[in-house]
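The figures that follow rest on heavy atoms only: side chains count, while hydrogens, waters and symmetry mates do not.
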Amino acid sequence: MSWNATKEGTIPFSVDGKTYATWYRVFGDIKNRTVPPLVVLHGGPGLSHDYLLPISDISSSRPVIFYDQLGNAKSTHIHDKEKAFWTIDLFIDELINVLRNFHIEDEFDLLGHSWGGILGFEFELRRKPAGLRRLVVTNSLASMPMWDQSNAQLVKSFPAWVQEGMAIGLKDLKASAPAMKEFRTKHGCKVDPFPREYVDSLDHLFSNKGDPTVTIAMFSTGLKAWDIIDKLPEVGVPILLINGRFDVSQDWVNAPIFAGLRKVKWATFENSSHTPFWEEREKYMKLLDQFLSL
């Protein structure tokens, strides 16, 4: 499948006196827009924007901006920093830099998938951005301990070799890769075969040429015990909460999010796992467009 972006390029991003590059891709007309643009935050941390490209389907009604977060895919890779360099605030600063580059910080919508949902929540909670209109939190979480518990629960239905490989996890990506792939066929993406874009994103992290720097650093530090359930009432913007019936983001993972938010709509895609924008693409885009048009 070809994706006809309107514009691609890099944005300079300065951190502690050094300048890096954030790679981006735009669908639709940013300059002559009549509605707020949608900025898309990819998962991982450590993946790329590629697997989220179906969301460009709605670019006929609003501009859609994708970017690869620092340290990942086509953005600058950094290997000379301590793990403490990689923080949630770093990625919030990068997001703000993207917004300012396109001069959209006064009015925009956000969609965060998985780790991107964490980033979206924290952006709202930590910075209270005046221009954020609506936030889509798709296949995500508000508590890493609950997420870990969900993974542990779901993997029990798999053969022993999958359970053993999943237990290895990031300690040895080569050893755990086959098990992770098997797990994803049921709880990551039920499209068979996997879409090329989905595989491409995973390869940025899990292949022999992948770079797990950001993933290992974040899960060793800021995300290890991350939990914002008690802070959810402080979220002021309207939220669209999405999960799939076969998602790691199970209903009981989403229930405290739904209960804690003041302005929220929750939709579960019954034939999907972690990527309903592939698995039930048309239905997903219709719901997304409706929410953003309110």
Self-check item: Residue of the set Asp247, Val264, Asn243 for which side chain to side chain contact (heavy atoms under 4.5 Å, CB included) holds with Asn254
Solution: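 Filter result, single survivor: Asn243.
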Quiz item: Using a distance-only test with no angle check, is there a side-chain donor-acceptor pair under 3.5 angstrom linking Ser114 and Asn139?
Solution: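 There is no such pair (donor and acceptor under 3.5 Å, judged by atom type) between the side chains of Ser114 and Asn139.
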Quiz prompt | Distance flag, aromatic centroids of Phe183 and Phe158, threshold under 6.0 Å | solution =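 Between Phe158 and Phe183, the centre distance is under 6.0 Å.
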Practice problem: Determine, using ring centers only, whether Phe277 and Tyr284 are less than 6.0 Å apart. | Solution: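 Ring centroids of Tyr284 and Phe277 are less than 6.0 Å from each other.
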Exercise. Give a yes or no answer on whether the side chain of Ser48 reaches the backbone of Asp68 with a donor-acceptor pair at less than 3.5 Å.
Key: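 No, Ser48 side chain to Asp68 backbone: no donor-acceptor pair under 3.5 Å.
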Quiz item: Between Ser249 (side chain) and Ser140 (backbone), is there a donor-acceptor pair under 3.5 Å?
Solution: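 Confirmed, Ser249 side chain pairs with Ser140 backbone.
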Would [X] count as a cation-pi partner of [Y], with NZ or CZ less than 6.0 Å from the six-membered ring centre and within 45° of the ring normal?
X: Lys186; Y: Phe246; answer: no
X: Arg133; Y: Phe108; answer: no
X: Arg25; Y: Trp23; answer: no
X: Lys283; Y: Phe269; answer: yes

Exercise. For the residue pair Phe194 and Tyr198, categorise the inter-ring angle as parallel (less than 30°), tilted (30 to 60°) or perpendicular (more than 60°).
Key: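 Perpendicular, since the angle between the ring planes exceeds 60°.
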Quiz item: Taking the inter-plane angle between the rings of Phe27 and Trp3 on a 0 to 90° scale, is it parallel (under 30°), tilted (30 to 60°) or perpendicular (over 60°)?
Solution: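 Perpendicular.
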Quiz item: Which heavy atom of Ile242 sits nearest a heavy atom of Pro276, and at what distance?
Solution: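 In terms of heavy atoms, the two residues are closest at CG2-CG, 4.2 Å.
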